[in-house]
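One structure is given below, encoded as structure tokens.
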Amino acid sequence: MTDEPLLDIRDLSIGLRGDGVGYDIVRNVSMSLYPKEILAIVGESGCGKSLTALSVLALHASPPLHITSGSIMYDGRDLTKVSASQMRAVRGAEIAMVFQDPMSALDPMFTAGTLLTSAVQAHHKVRYDVAKSRALEALADAGIEDPRRRFGEYPFQLSGGVSQRVMIALALINDPKVIIADEPTTALDVTVQAQILDRLKELRAERGMSIILITHNLGVVASVADRMVVMYTGEVVESGMVEEVLATPQHPYTKGLLGAVPRLNSDAATLVPIMGRVPQPNELPPGCSLPIVAAESSMSAGPIARILRYMVTP
Amino acid sequence: MRSLLKTVVLTFLLLLASSLAVFAAIRLSGGDVTAARLPASATAADRQLFRHQMGLDQPILKQYATYLGKLFKGDLGNSLTNSAKISTLAVEKIKNSLILGATSMLLVFGIGIPLGMIAALKRNSWFDTGITSASVAGMAVPNFWLALIAIYFFSTRLGWLPSAGQGGIKYLVLPAFVLSAEGIALTVRMTRSAMLDNLNQDFVRTLRAAGLSERRIYFKHVLRNSLLPIISLAGLRVGQIVGYALVVETIFGWPGVGQSLVNAVLRRDYPVVQFFSLLLVLVVTLGNLAASIGYTLANPKLRK
Amino acid sequence: MSRFRRALKNKQLVIGMIIAIVIVVLGIVGPAVFGDYSKQDLLRGHKPVGTPGDFFGTDALGRSLAARATYGIRISLFVAISVTGLAMVVGTIIGLIAGYVKGLVDGVISLLIDFIWGFPLILVAVLAAASIGSGLLPVILAVGLVNTVAIARVVRGEVLGISEKDFVVAAKAGGYSTMRILTKHVAPNVIPVALVLSSYYVAVAIIAEAALSFVGLGAQAPLPSLGQMVSEGRNYMRLNHWESTIPGVIIFAMVLSVSLIGDGLRDLLDPRLRTALERARAK
């Protein structure tokens, strides 16, 4: 961890602008990804973790979303300022992405092979047969049993697990330095989840890639990631080495998250839900996330979850 | 593929049934045929004899079988108005209608799809607003009135194009544009909404993340997905063109099937009505069948 | 915001309704105000709009254009609205049954529906006129058949989707009768679609009636139909364009108002229903 960060997000804010509304969904987020590490971004739905990741490759829906301040440094360049064609050269070749729902994330009208060869030819001027052999390699690298058969199949013919492996092949095919995986296993069966995660870990070891793993599953974080960042209501509330954060969580939200993880050595009755709901960005009082901090200071005893009871008052 | 075979078989059964229905409806009003052929002074016995000679007193199914038998031998009977052989007449009319119909279909898709794509690409621009409003208005103008306005401006006022008749390509311009106007408007609307819909699909984000160019994503992936509903409804466009051709050919004096059918109905020329009605039922049915075959072939899910 | 106030904010709906009200009022009071539509005066033919004594102009036979056009509105509205209204009721019932009962009944009904749906209204009307002779009756029969089929088709599709939904499955599991499930749970979800769709089919019917009358197969003289007026007036475009412009503009306004009302109602609908509509409107 003594190296320079490969990808460095500094004070990034992303806002919703238009038709009389204007507020930031992601506020002053900073995080660094170092070479060969797996960084997990953890948080519940709507906390801004996916949006932060999408903005790295300028894939957020713009308009109405805009990066309002901050920088994303990669390889000496600020990705928030590069031109569209420079960004296109980064996408897939330097930084690749794997998305959550593989079934809808693949174009239904084309075979897996066409998608993969197009991705090769988007970055390299090579003949089709070269692109094809790379595609077959990538499919094998992604852990697909029968690359030749899958090459000619359409997305509707693939199971969820195989689709996700095709997505991973699509991400690997141009040999990027960074892979951002946005909840890559959420839509899959538990056994397939484990296989996919193992494959990601192996790839890191084999190719020296860095991986950003977005998830709300702390079990996944504990088994795969080196470091973690916890996000809540659009802000980073805690970050550090995985073991440290999980052993001694500092922020009440992280404690709450840990309380909500089922454990084999305890009975279900002690599973503590996080009460209330995530406040919408426009419901936050000035100063952000303060209600939680305030609640914590007023608490003396009782279950952790009580601290987190956050009622949004209109 | 199996379902396609089923579609083909069912379509032919329905075609047979519907053509029989049309045949029967026209034949059963056969009182008019006798009225048209015989003088008013003919007695009831004369009429009965005439009906017997014409085979009009036989069961309708048998009449239909006889008619189809003759049809396949190329014997379509004679027109009542000028005694011309319908088979000779039909070849010329069909050729003319094919020219007009094919040109209009080409205009519907050749103009409608690109305009819809541009409108989607530049959504909310002045171009998009203009195209979208024009297509709403285009669907509200009845085409016979559009034809009159077009004739008034381009023939009567400006003298650029002939108002009626048939000859070189000049004669084709006005009828083809009027005939395709509503189809163009509909195709623009559909293309635009399908493109916008597909641009918001998850797969577009995947392709962007893989580094594909916007142009390639738009023209290859989004377009291919958007064409599917357009192909599936191409059969309706054929039907629409056939329906409107009845009116447009009449206005522009275009000597095609549509004009002949309308005139024959007005003159109660039943043999001609009979043949051209069955022909148009056939064309519309085949148009819809072709579209559903096209849809099956274009959709990977159905093709396999 | 109440539904009514939301409707008032919808520009398309408001403009469409205003045009529609003007036209309906013209159709109701016009014939009484403008007098006999068949009264001829050959000495006062081809008068343009604004002529003293014949303020709204006259046709070749000196008949009042206003009287004829407003009577034409009546015919057009009768054919389009009453017949499409009936088609909506029958089509919805057929669609509900086919979509809910499924099996062979549905197979046969949907096969026929899809087949007939492929035929354009004007062709069906011409075929009807070929069989039973020219007049308004073949137009009415054709509009009735084609619009019934079109509405049944969409309703069936919607019902197929809805009957898989949990609330219907729950009602079935609860032992409710089919009749009750159809009327209380399924129908309320498809009737809005059928209503909006009907407004579009009214537009198609108006055009078909006008087109048939234009070529001489629809309303027969001396009944004044708008399409027929356009047709009679087209020979005098240079002499007195009003003879075809007045009925032409009225047809355009009628079709536009119904389409605007349809678009406006669609925007007030559940977004989920809009895709079904877009698809059904492809005709």
Side-chain angles (χ1 to χ4, degrees), chain B residues 10-11 14-15 17-18 22 24-26 28-29 32 136-137 139-145 147-149 151-152 156 186 189-190 193 197 229 232-233 235-244 246-247 250-251 258 261-262 264-266 268 270 273-274 276-277 280-281 284-285 287-289 291, chain C residues 12 111-112 114-134 138 200 203-204 206-208 210-212 214-217 226-227 230-231 233-234 237-238 241 244-245 247-249 251-260 263 274-275 278-279 281-283:
Chain B
L10 284 175
T11 304
L14 282 170
L15 178 63
S18 60
V22 169
I26 294 170
L28 292 178
S29 59
D32 289 293
V136 172
M139 294 194 320
V141 186
N143 57 22
F144 59 88
W145 198 47
L148 292 190
I149 296 171
I151 290 173
Y152 183 68
T156 317
L186 274 166
R189 258 180 87 111
M190 282 181 56
S193 73
D197 195 32
S232 77
L233 294 165
L236 288 182
R237 294 287 88 76
V238 174
Q240 194 182 35
I241 298 264
V242 168
Y244 287 150
L246 296 165
V247 178
T250 307
I251 299 176
L261 177 57
V262 169
V265 174
L266 287 171
R268 310 195 167 197
Y270 281 87
V273 170
Q274 189 73 268
F276 284 136
S277 298
L280 292 186
V281 169
V284 172
T285 308
N288 283 310
L289 182 63
Chain C
Q12 291 171 307
L111 188 69
L112 281 174
D114 279 344
F115 185 75
I116 298 173
W117 194 64
F119 284 83
L121 178 49
I122 293 185
L123 178 60
V124 176
V126 170
L127 294 180
S131 310
I132 61 176
S134 306
Y200 294 125
V204 179
I206 291 172
I207 291 183
L212 260 281
F214 179 89
V215 295
L217 296 176
L226 294 168
V230 175
S231 168
R234 72 172 148 155
M237 288 286 270
R238 291 206 127 166
H241 70 85
S244 59
T245 311
V249 169
I251 299 168
F252 174 71
M254 285 205 284
V255 176
L256 188 69
S257 78
V258 189
S259 310
L260 286 175
D263 282 349
R274 282 182 215 152
T275 25
E278 273 302 317
R279 220 165 287 146
R281 250 204 103 181
K283 238 179 134 173

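None of the values given here were measured: they were computed from a predicted structure. Order of the sequence lines fixes the chain letters, A, B, ..., with proteins taken first and strands second; residue numbering starts at 1 for each chain.
With chain C as partner, the option from B:Thr285, B:Val242, B:Val22 having the largest number of non-hydrogen pairs under 4.5 angstrom is B:Thr285. Your options are C:Val258, C:Asp114, C:Val215, C:Ile206, and the one with the most heavy-atom pairs under 4.5 Å with chain B is C:Val215.
For C:Phe252, the parts lying near chain B are the backbone and the side chain together; criterion is any non-hydrogen pair under 4.5 Å. Interface residue B:Ile251: backbone and side-chain heavy atoms are both found under 4.5 Å from chain C. Using a 4.5 Å cut-off between heavy atoms, B:Val273 touches chain C through its side chain atoms alone. Using a 4.5 Å cut-off between heavy atoms, B:Leu14 contacts chain C through both its backbone and its side chain. For C:Ala203, no part lies near chain B; criterion is any non-hydrogen pair under 4.5 Å.
B:Val281 places a side-chain heavy atom less than 4.5 Å from the side chain of C:Leu127. Counting heavy atoms from C-beta on, the side chains of C:Val230 and B:Leu148 come closer than 4.5 Å. For the pair C:Val249/B:Trp145, a side-chain contact is recorded, criterion being any heavy-atom separation below 4.5 Å from C-beta on.
Closest of all the heavy-atom pairs between B:Ala25 and C:Ser131 is CB-OG, 3.2 Å. Of all non-hydrogen atoms in B:Gly243 and C:Ile122, the two that sit nearest each other are O-CG2, 3.5 Å. Closest non-hydrogen pair, C:Gly118 versus B:Val284, comes out as O-CG1, 3.3 Å. Heavy atoms only, all atoms of each residue included: C:Ala210 and B:Phe144 are closest at CB-CZ, 3.5 Å.
To the nearest 0.5 Å, atom CG of residue C:Leu123 and atom CD1 of residue B:Ile241 are 13.0 Å apart. Atom OG1 of C:Thr245 sits about 8.0 Å away from atom CD1 of B:Ile149, to the nearest 0.5 Å. Taking CG from B:Asn143 and CD1 from C:Ile207, the interatomic distance works out to 7.5 Å, rounded to the nearest 0.5 Å.
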Problem - Trace of the side chain to side chain contact (heavy atoms under 4.5 Å, CB included) decision for C:Phe119 with B:Leu236 - result: CA-CA 8 Å; C:Phe119 284 83; B:Leu236 288 182; over 6 Å; no

Exercise for the section: List the steps and the verdict of side chain to side chain contact (heavy atoms under 4.5 Å, CB included) for C:Phe115 and B:Leu10. Expected result: CA-CA 10 Å; C:Phe115 185 75; B:Leu10 284 175; over 6 Å; no

